[in-house]
Amino acid sequence: MDNDILKVLYSQNEIKEACERLGKQIQKEYEGKTPVVIGVLKGAVFFMADIVRAADTYMQMDFIDVSSYHGGTKSSGEVELVTDITLDVAGRDVLIIEDIVDTGQTLKFLMDTFANRGANSIKVCTLLDKPAGRLVEANSDFIGFEVPNEFVVGYGLDYDEKYRNLPYIGVLKPKIYSHN
Ligand code: PRP
């Protein structure tokens with residue numbers, strides 16, 4: 001897989017440090033509370049696993065699967081709920097864990113969904129924020145890195161469902177996806 005990567009943006013070590021920093025922020029934010037921490041499949045799996053272990057606070061975990069990229073590099077704009085959470089978020093403090101916020105459409109869909117279900121509070125922690133990609137307003141409370149407007153893969157992020165298991169985050173060589 002390394003041969004398909006144009007450049008490394010964040011190394012394994014940089015990601016680890018960011019998770020520890022964000023985990024401590026979350027720990028402080030939710031002291032004395034028990035938030036429902038919701039990982040957004042599939043991209044956020046590794047980030048979710050690392051960040052919850054960096055926050056020494058009570059929490060309940062759940063997962064939601066939404067999709068809008070359908071394996072490609074451009075959002076279709078239509079967010080589809082694939083698999084829902086199992087916990088009831090009414091009256092609860094919700095923390096959404098995302099790998100990346102790009103157009104913002106996924107995050108807006110999730111925030112609207114949990115607000116409609118009566119969540120007491122909704123906050124967002126994303127490893128990567130790509131403000132240059134934003135089409136709708138959707139802001140995160142905890143951000144690992146602000147990324148340039150390039151298609152990134154690794155540490156959960158995919159192209160054509162591949163590269164999620166790269167231990168670092170990098171920019172894919174354009175020739176890999178230029179035939180699309
Ligand atoms: C990716 C990513 C975010 C979303 C961000 O998910 O994991 O959830 O896109 O993009 P947006 O801000 O433009 O909406 P994707 O739909 O590709 O599913 P995946 O996590 O299973 O790869």
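Counting convention: from 1, in listed order, for ligands and their atoms alike.
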Kindly determine whether I5 and V153 satisfy side chain to side chain contact (heavy atoms under 4.5 Å, CB included), including the steps that lead there.
CA-CA 9 Å; I5 302 302; V153 295; 3.7 Å; yes
How long is the straight-line distance from CD1 of I15 back to CD1 of I169, given to the nearest 0.5 Å?
4.0 Å
Using a 4.0 Å cut-off to any heavy atom of T103, which atoms of ligand 1 qualify?
11 (P), 12 (O), 13 (O), 14 (O)
Taking only non-hydrogen atoms of S67 and a 4.0 Å limit, the atoms of ligand 1 in range are 16 (O)
With a cutoff of 4.0 Å, is R164 in contact with ligand 1, counting heavy atoms of the residue only?
yes
Ignoring angles and geometry beyond distance, decide whether G104 reaches within less than 3.5 Å of ligand 1 through its nitrogen or oxygen atoms.
yes
Using a 4.0 Å heavy-atom cut-off, which part of L107 comes near ligand 1: side chain, backbone, both, or neither?
neither
Is a donor from one side chain sitting under 3.5 angstrom from an acceptor on the other, for Y30 and D93?
no
Under 3.5 Å side-chain donor-acceptor pair for Y155 and D50:
yes
On the 0 to 90° scale, with breaks at 30° and 60°, tag the Y159-F151 ring pair as parallel, tilted or perpendicular.
perpendicular
Per-atom contacts, ligand 1 versus D158 - under 4.0 Å to a heavy atom
22 (O)
Under 4.0 Å from one or more heavy atoms of S68, ligand 1 contributes atoms 16 (O)
Using heavy-atom distances, let me know which of D99, V136, V40 sits nearest atom 7 (O) of ligand 1.
D99
With heavy-atom distances below 4.0 Å as the criterion, list the atoms of ligand 1 near Q105.
12 (O), 14 (O)
salt_bridge(K130, E150) N-O dist < 4.0 Å
no
List the atom of I38, the atom of I85, and the distance in Å for their closest heavy-atom pair.
CG2-CG2, 3.7 Å
Atoms of ligand 1 close to L41 [distance to a heavy atom under 4.0 angstrom, numbered from 1]
20 (O), 21 (O)
